[in-house]
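Take a look at the structure below.
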Amino acid sequence: LRLVIGRGAGTLQVSLPLRSPWGETARSEAPRVGATAANFQATTFEGETLSLADLRGRPVLLDFWASWCPPCRDQVIPLKRMAVDYAGRLQILGVSLDTDEKAFEAFVYNHHLPGRQIRDGGWFGPIASLYRVADAGLPCVILIDAEGRITAIGAGPAGLEEDIRRAVAAAPKEPG
């Protein structure tokens, strides 16, 4: 369901899932703190094939967003700051729910999004389905520790700052 509200020259657009395309019995379990993060494989904005398992060894901030989501746009500045503050110690993996490839590409390019970015293709894309993002809504961030366990779930990276600090401090140091 797409809802557009207009007043004067401004509009607000919200997209809401009406129902799940999978049966209740086929649904994955909702992500929870302490569980092992579900693995997936996808192609990044740069054309790199990547799996979540490839990122083990350092904490990963899995950031679900969409270009049409105003709160997601508000998260770009704190996300960029965290990328600088935790450079080399935290991996950021953005997962866009945009169905429009051009909107995805323009948003990534124009906002200089940090980390790797993936377009999942909507509320019920393979990664969003695996993590049940339609149930949580956007924005949605999941912090995964260096061993691949979910350590925190929130509605934005700024709300997980203390969890991110702890995950980065607990991660094994790289040799060198």
Side-chain angles (χ1 to χ4, degrees), residues 17 19-66 69 71-72 75-76 78-83 85-98 104 108 113-176:
R19 62 181 165 77
S20 169
W22 57 79
E24 287 299 315
T25 58
R27 291 182 72 171
S28 62
E29 184 178 317
R32 60 179 170 70
V33 172
T36 299
N39 192 33
F40 57 83
Q41 184 172 333
T43 303
T44 67
F45 176 72
E46 293 81 16
E48 167 190 19
T49 299
L50 175 76
S51 76
L52 186 61
D54 295 338
L55 303 178
R56 291 232 171 119
R58 281 190 287 162
V60 175
L61 186 65
L62 191 56
D63 175 35
F64 290 94
W65 61 273
C69 166
C72 298
Q75 300 299 324
V76 171
L79 193 63
K80 288 165 104 173
R81 180 188 51 78
M82 286 180 185
D85 290 351
Y86 300 108
R89 299 177 293 154
L90 175 69
Q91 301 178 89
I92 296 172
L93 182 56
V95 180
S96 169
L97 272 56
D98 281 296
F104 162 72
V108 171
L113 294 183
R116 295 176 175 119
Q117 301 295 322
I118 295 168
R119 184 176 70 89
D120 196 36
W123 285 106
F124 301 109
I127 303 169
S129 294
L130 199 57
Y131 284 89
R132 294 185 47 180
V133 176
D135 294 346
L138 289 178
C140 176
V141 292
I142 299 173
L143 180 62
I144 303 166
D145 70 12
E147 287 78 40
R149 288 184 310 271
I150 296 172
T151 60
I153 300 171
L160 300 184
E161 185 91 33
E162 190 55 40
D163 296 295
I164 292 169
R165 275 193 206 106
R166 279 194 300 270
V168 166
K173 306 291 183 234
E174 290 188 38

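Numbering starts at 1 and runs along the sequence shown. Every heavy atom of this structure was used, including side-chain atoms; hydrogens, water molecules and symmetry mates were not.
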Quick one: [atom1] on [X] to [atom2] on [Y], what's the gap to the nearest 0.5 Å?
| X | Y | atom1 | atom2 | result |
| --- | --- | --- | --- | --- |
| Met82 | Arg165 | CE | CZ | 8.0 Å |
| Ser129 | Trp123 | OG | CH2 | 11.5 Å |
| Glu48 | Asp54 | CD | CG | 8.0 Å |
| Leu52 | Ile118 | CG | CD1 | 9.0 Å |
| Gln91 | Leu55 | CD | CG | 4.5 Å |
| Leu90 | Asp85 | CG | CG | 10.0 Å |

Report yes if some heavy atom in the side chain of [X] is under 4.5 Å from a heavy atom in the side chain of [Y]; otherwise report no.
| X | Y | result |
| --- | --- | --- |
| Leu138 | Pro71 | no |
| Ile164 | Pro59 | no |
| Leu113 | Trp65 | yes |
| Ile144 | Leu93 | no |

Give me the atom names and distance for the closest heavy-atom approach of [X] to [Y].
| X | Y | answer |
| --- | --- | --- |
| Arg81 | Glu161 | NH2-OE1, 2.8 Å |
| Ile150 | Pro31 | CD1-CB, 3.7 Å |
| Leu61 | Pro157 | CD2-CB, 3.9 Å |
| Pro172 | Glu147 | CD-OE2, 4.4 Å |
| Arg119 | Asp98 | CG-O, 3.3 Å |
| Asp120 | Ala128 | OD2-N, 2.7 Å |

Judged by atom type as modelled, is there a donor-acceptor pair below 3.5 Å linking the side chain of Gln75 to the main-chain atoms of Pro139?
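No, because the side chain of Gln75 does not come within donor-acceptor range (under 3.5 Å) of the backbone of Pro139.
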Return yes if some donor-acceptor pair links the side-chain N/O of Asp145 with the main-chain N/O of Thr151 below 3.5 Å, else return no.
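Absent.
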